[in-house]
Every structure is written in structure tokens, then in C-alpha cells.
Amino acid sequence: MPGWSLWLVPPPDSKVDKVLAKLITTTIPTILPQLGPVPDFAPHVTLTSLIDPSIITPDPQTWLDNLKLTHCEDVRIRFNNLVTEPKFFKRLIIRCERDPGLFCIAKACRKFGVEGGDHAKAGKWLNAEYDPHCSLMYSEKEVTDEMMDTVRRKASEGIALMKEGTKFIEEKPCVGWVGGEIWLVPTDKKIEEWKPVARRKV
């Protein structure tokens, strides 16, 4: 993947972080062995990608700390539906609701990370292209309807999809998370090297 990315990750050591990590690293590879080896990665929702690393160096942490996010409050991830798409990075995802706090922070990250501070360009990207989701598996291979039924049954033991009237609480099953951390990740490297070079609490 070209460029670096900003991720929103669950609060460290939270229940939802542990549930998602287990799905990604253990449960799904075990119940779908026919897909072969799949890469591990940290649970996250991408806020923006395609960041030119040259604007971040020499101090990624200072750059992230100085990112202007002052008006973005009550950032929530709400799980919507579990789907598969014919793309490597979206082979198995939980699509997330278009939460105002999430969209505020994603727009700010795009504005200053990719669009050179251009508010209009960031807004256009947000409305036309941004698709918030939490990936559960990267793969080149197709996920069949039968496989999806298996994943839904297993995933329902730890997560729940938001429905009208669902109370937003972090209990079992988890429906999302509030806040968390922003990670700056060099996603132009191999997936196994996708580790944060800077972190910032939301």
C-alpha cells in the first residue's frame, strides 16, 4: 500500500481490542483453513492513507502531536454489518456507522495528512470515498456465502452489530468502542512490518 496511514485503534487492553485481536489472529484463520495463511495485523479503523512520509520526518511523534484535532469530540466506532468484498484489504470487514465524531477526526487527518490543509478537498474525499470499516482478514481468495455464515456465527460470540435502539455499552458482545488511540503506521512496508511509529490518545 503506498504511503503511510493513520489508524484509530481500540483503547489498549480493552475488551473489544482483545475480542477483535483474537478473531484476526486465531479464530478466523482456524475456521477458514481453506484460505491458507493470512497476515496478522492490529485491530483498527483507517482514518486516512496515502500520507507522504516526507512531510512527517524527521520526528513522526511531533507531527502527530501537532495534528489539529481540537474540534473532534466523542469519537465512537459502532459496528454495522459484516461483509466480504472482492479486494485484498476488504476481504472480510465489519463496516462501521458514519459517526459524526469519527468523520470529524477522519476529515482532519485527511486535510492535514494528504490534502495539504485544503478543507474542501478533504470534505469531498470524506463524502465520496471514505468507507470506515474494521478489517478482520486480508486475503486474495474469495469468501463464499457458506464461509460468511460460519464467520458470523463465530464472531457473534464476541461482537454484536448495531441495531436501532441498541444501547452503546462495552459489554459482551461488544458493539464498538469509544475513543482509543491514533497510530501513525508506515503502510508502504510489508504487512508484517506495520507497527506504529507514533501514537496519540483520542
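Heavy atoms only: backbone and side chains are in, while hydrogens, waters and symmetry mates are out.
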query: Does the side-chain contact (heavy atoms from CB on, under 4.5 Å) test come out yes or no for R110 and L50, once each step is laid out?
result: CA-CA 9 Å; R110 185 74 179 192; L50 302 177; 4.3 Å; yes
Applying side-chain contact (heavy atoms from CB on, under 4.5 Å) to L92 and M148, what does each step give before you reach the verdict?
CA-CA 9 Å; L92 188 59; M148 285 297 295; 3.4 Å; yes
Evaluate the side-chain contact (heavy atoms from CB on, under 4.5 Å) criterion for residues I24 and V38: first the C-alpha distance (whole Å), next the side-chain angles of each, then the deciding distance (0.1 Å), finally the verdict. CA-CA 9 Å; I24 293 166; V38 292; over 6 Å; no
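Here the side chain of S14 pairs no donor or acceptor atom with the backbone of P10 at under 3.5 angstrom. Under the 3.5 Å distance criterion, the side-chain polar atoms of D99 are matched with a main-chain donor or acceptor of L102. In this structure, the side chain of W63 does not engage the main chain of D65 through any donor-acceptor pair within 3.5 Å. A donor-acceptor pair is defined here as one N or O able to donate and one able to accept, closer than 3.5 Å; no such pair exists between the side chain of T46 and the backbone of W7. Between the side chain of H133 and the backbone N or O of D131 there is at least one donor-acceptor pair closer than 3.5 Å.
Summarising the geometry of I51 relative to G113, their closest heavy-atom pair is CG2-O, 3.5 Å, with the distance given to 0.1 Å. Across P39 and I191, no two heavy atoms sit closer than the pair CB-CG2, 3.8 Å. Across A108 and L69, no two heavy atoms sit closer than the pair CB-CD2, 3.5 Å. Minimum interatomic distance between Y130 and L47 (heavy atoms only, all atoms of both residues): CE1-O, 3.6 Å. When all heavy atoms of C109 and L67 are compared, the closest pair comes out as SG-CD2, 3.9 Å. Minimum interatomic distance between V114 and S49 (heavy atoms only, all atoms of both residues): CG2-O, 3.2 Å.
Salt bridge D74/R76: present, at least one basic N to carboxylate O contact under 4.0 Å. In summary, E85 and R95 engage in a salt bridge, as defined by a charged side-chain N under 4.0 Å from a carboxylate O. In summary, R199 and E181 engage in a salt bridge, as defined by a charged side-chain N under 4.0 Å from a carboxylate O.
One distance of note links CD of E193 with CG of D188; it measures 9.5 Å at 0.5 Å rounding. Considering CH2 of W125 and NZ of K107, their distance stands at 11.0 Å, rounded to 0.5 Å. Taken to the nearest 0.5 Å, the SG atom of C134 stands 5.0 Å off from the CD1 atom of I94. Of the inter-residue distances, the one linking L32 atom CG with R91 atom CZ reads 12.0 Å to the nearest 0.5 angstrom. Between the SG atom in C96 and the CG atom in L8 there is a gap of 9.5 Å [rounded to 0.5 Å]. One finds the CG atom of L20 at 9.5 Å from the CZ atom of F41 (value rounded to the nearest 0.5 Å).
Under the 2.5 Å SG-SG cutoff, C104 and C72 qualify as a close cysteine pair.
Residues F103 and R98 have side chains in contact (heavy-atom distance under 4.5 Å, counting atoms from C-beta outward). Residues V75 and W177 form no side-chain contact, since every pair of their non-hydrogen atoms from C-beta on lies 4.5 Å or further apart. L6 has its side chain within reach of L64: a pair of non-hydrogen atoms, C-beta onward, lies under 4.5 Å apart. Side-chain contact check for D17 versus P12: every heavy-atom pair is 4.5 Å or farther apart. At least one side-chain heavy atom of V197 sits less than 4.5 Å from a side-chain heavy atom of W4. Side-chain contact between V178 and V202: absent, with no pair of heavy atoms (C-beta onward) separated by less than 4.5 Å. Two residues are said to be in side-chain contact when any heavy atoms from C-beta on lie closer than 4.5 Å; V19 and I159 meet this criterion.
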With a 3.5 Å cut-off and sequence neighbours excluded, list the donor-acceptor pairs that the side chains of residues 136-146 form with protein atoms.
{"from": "S139", "atom 1": "OG", "to": "K141", "atom 2": "N", "distance (Å)": "3.0"}
{"from": "T144", "atom 1": "OG1", "to": "M147", "atom 2": "N", "distance (Å)": "3.2"}

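Put simply, I28 and F89 are part of the same group of oily side chains (I, L, V, M, F, W, Y) that touch within less than 4.5 Å, one to the next. Both I55 and W183 belong to a single network of hydrophobic side chains, linked directly or stepwise wherever heavy atoms of I, L, V, M, F, W or Y lie under 4.5 Å apart.
Remark: the S5 side chain and the T187 side chain contain an N/O donor-acceptor pair separated by less than 3.5 Å. Between the side chains of E192 and W194, no donor-acceptor pair of N or O atoms lies under 3.5 Å.
Within 6.0 Å of NZ on K90 lie more than 12 heavy atoms contributed by other residues, nucleotides or ligands. The number of heavy-atom neighbours closer than 6.0 Å to CG of D13, taken from other residues, nucleotides and ligands shown, is 12 or below.
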